[in-house]
Amino acid sequence: MRLQSAIFDMDGTLLDSMFIWNDLGARTLRSLGIEPEPDLGEKLKVLTVRQGAAYCKDAYHMTQSVDEIVALIEAQVEDFYTHQVQAKAGVVKFLSLLKMEGVWMYVATATDRHLAEAALRCAGIDGYFRGILTCQEVGAGKDSPEIYERAMTRLKSNKRDTVVFEDALHAIETAKAAGFRVCAVYDPYAEAEQDKIRSLSDYYIRSFEDMFTTDTLA
């Protein structure tokens, strides 16, 4: 894997954090006495927190404002990101190697900035990145390549020399369709989609520790 710059998704890629998001929308609704539809998680996973809050407000005729719903959601994850979240196995070692080799790195995440900054800081990896871009800031979710395009511009790179690291099928599909090279990172919350993820990606790892036991870096 030859690269001069790298764009990393955060949740499920760098951080072992997908479980906190998996049923977050449903738990928020239930805390208000609202029973969510069974496929709510699938509908929310491509949306930012604010987009998801707006969807729930409209779909469930909620009396709370979007800002109030966002606050309820964020309250459930802020403590986790601030005090508990951990980097996935091998992440620190891999980022250290890339930094030592002069690779510029950016984070592209659907998580809002203040939560992403807290999470990266808690996991001890905030110092490896040139910056963070969030879907909210670019005005589009990861069904659009905008966040990757902007990160690449800030890295002063090009698609030939950039690798996007992602765990989610919809994000991998977007990055590939836009012409990026993609390294898929296994996460158990995408277990059912692994065959398709593997077939789409240029590189595939079960863990960042794989980078030190195979010729992936060659």
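Note that this is a predicted model, so its numbers are computed, not measured.
Between the side chain of T134 and the backbone N or O of E137, at least one donor-acceptor pair lies under 3.5 Å. A distance-only check finds no donor-acceptor pair linking the side chain of R30 to the backbone of E35 [under 3.5 Å]. E74 places no side-chain N or O within 3.5 Å of a backbone atom of A71 that could act as its donor or acceptor partner. Judged by distance alone, with hydrogens and angles left aside, the side-chain atoms of T162 form no donor-acceptor pair with the main-chain N or O of K159 at under 3.5 Å. A distance-only check finds a donor-acceptor pair linking the side chain of D210 to the backbone of R206 [under 3.5 Å]. A distance-only check finds no donor-acceptor pair linking the side chain of T82 to the backbone of D79 [under 3.5 Å]. Of the possible polar contacts, none joining the E149 side chain to the E146 backbone as a donor-acceptor pair under 3.5 Å is found.
Surrounding CD of Q64 are more than 12 heavy atoms belonging to other residues, nucleotides or ligands, all under 6.0 Å away.
Proximity of D16 to V85: side-chain heavy atoms (C-beta onward) are nowhere separated by under 4.5 Å. When side chains are defined from C-beta on, I69 does not count as touching L32, because their heavy atoms never get closer than 4.5 Å. Taking 4.5 Å as the limit, every side-chain heavy atom of C183 sits out of range of all side-chain heavy atoms of D202.
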### Query
Given R27 and Q76, is the side chain to side chain donor-acceptor pair (under 3.5 Å) satisfied, shown in steps?
CA-CA 9 Å; R27 285 190 285 111; Q76 297 186 59; 2.8 Å; yes

### Trace of the side chain to side chain contact (heavy atoms under 4.5 Å, CB included) decision for E166 with V185
CA-CA 6 Å; E166 278 281 2; V185 181; over 6 Å; no

### Task
Evaluate side chain to side chain contact (heavy atoms under 4.5 Å, CB included) for L14 paired with F129, printing each intermediate quantity in order.
CA-CA 12 Å; L14 292 169; F129 302 101; 3.6 Å; yes

### Query
Could you walk me through whether D161 and R2 pass the salt bridge (Lys or Arg N to Asp or Glu O under 4.0 Å) check?
CA-CA 7 Å; D161 298 323; R2 300 192 181 279; over 6 Å; no

### Message
Run S144 and T174 through side chain to side chain contact (heavy atoms under 4.5 Å, CB included) and show every step you take.
### Response
CA-CA 6 Å; S144 162; T174 297; 5.5 Å; no

### Message
Assess the residue pair Q84 and C122 against the criterion (side chain to side chain contact (heavy atoms under 4.5 Å, CB included)); give the C-alpha distance rounded to whole Å, side-chain angles, the decisive distance to 0.1 Å, and a yes or no.
### Response
CA-CA 7 Å; Q84 302 174 52; C122 179; 5.8 Å; no

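Looking at residues two or more places apart in sequence or on another chain, you find no side-chain hydrogen bond (donor to acceptor under 3.5 Å, both in side chains) involving D195. The side-chain hydrogen bond (donor to acceptor under 3.5 Å, both in side chains) check on D58 picks up nothing, with sequence neighbours excluded. By the ring-ring contact (aromatic ring centres under 6.0 Å, His included) test, F80 is found to be paired with F19, residues two or more places apart in sequence or in another chain being considered.
The existence of a salt bridge linking K93 and E209 is excluded, since no basic side-chain nitrogen approaches an acidic carboxylate oxygen closer than 4.0 Å. Salt bridge E117/R121: absent, no basic N to carboxylate O contact under 4.0 Å.
With rounding to the nearest 0.5 angstrom, the CG atom of L169 is 5.0 Å from the CD1 atom of I197.
Within the structure, the side-chain hydrogen bond (donor to acceptor under 3.5 Å, both in side chains) test picks out the following pairs touching residues 178-189 (sequence neighbours left out): K88-D187, R181-Y203, Y186-E191. The list of side-chain hydrogen bond (donor to acceptor under 3.5 Å, both in side chains) pairs with a residue in residues 122-133, not counting sequence neighbours, reads S96-Y128.
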Tell me which donor-acceptor pairs under 3.5 Å the side chains of residues 104-112 have, and how far apart each pair is, sequence neighbours excluded?
unit_1, atom_1, unit_2, atom_2, d
Y106, OH, R154, NH1, 3.2
T109, OG1, T111, N, 3.0
T111, OG1, D11, OD2, 2.6

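Under the 30°/60° scheme for interplanar angles, the aromatic rings of F8 and F94 are found to stand perpendicular.
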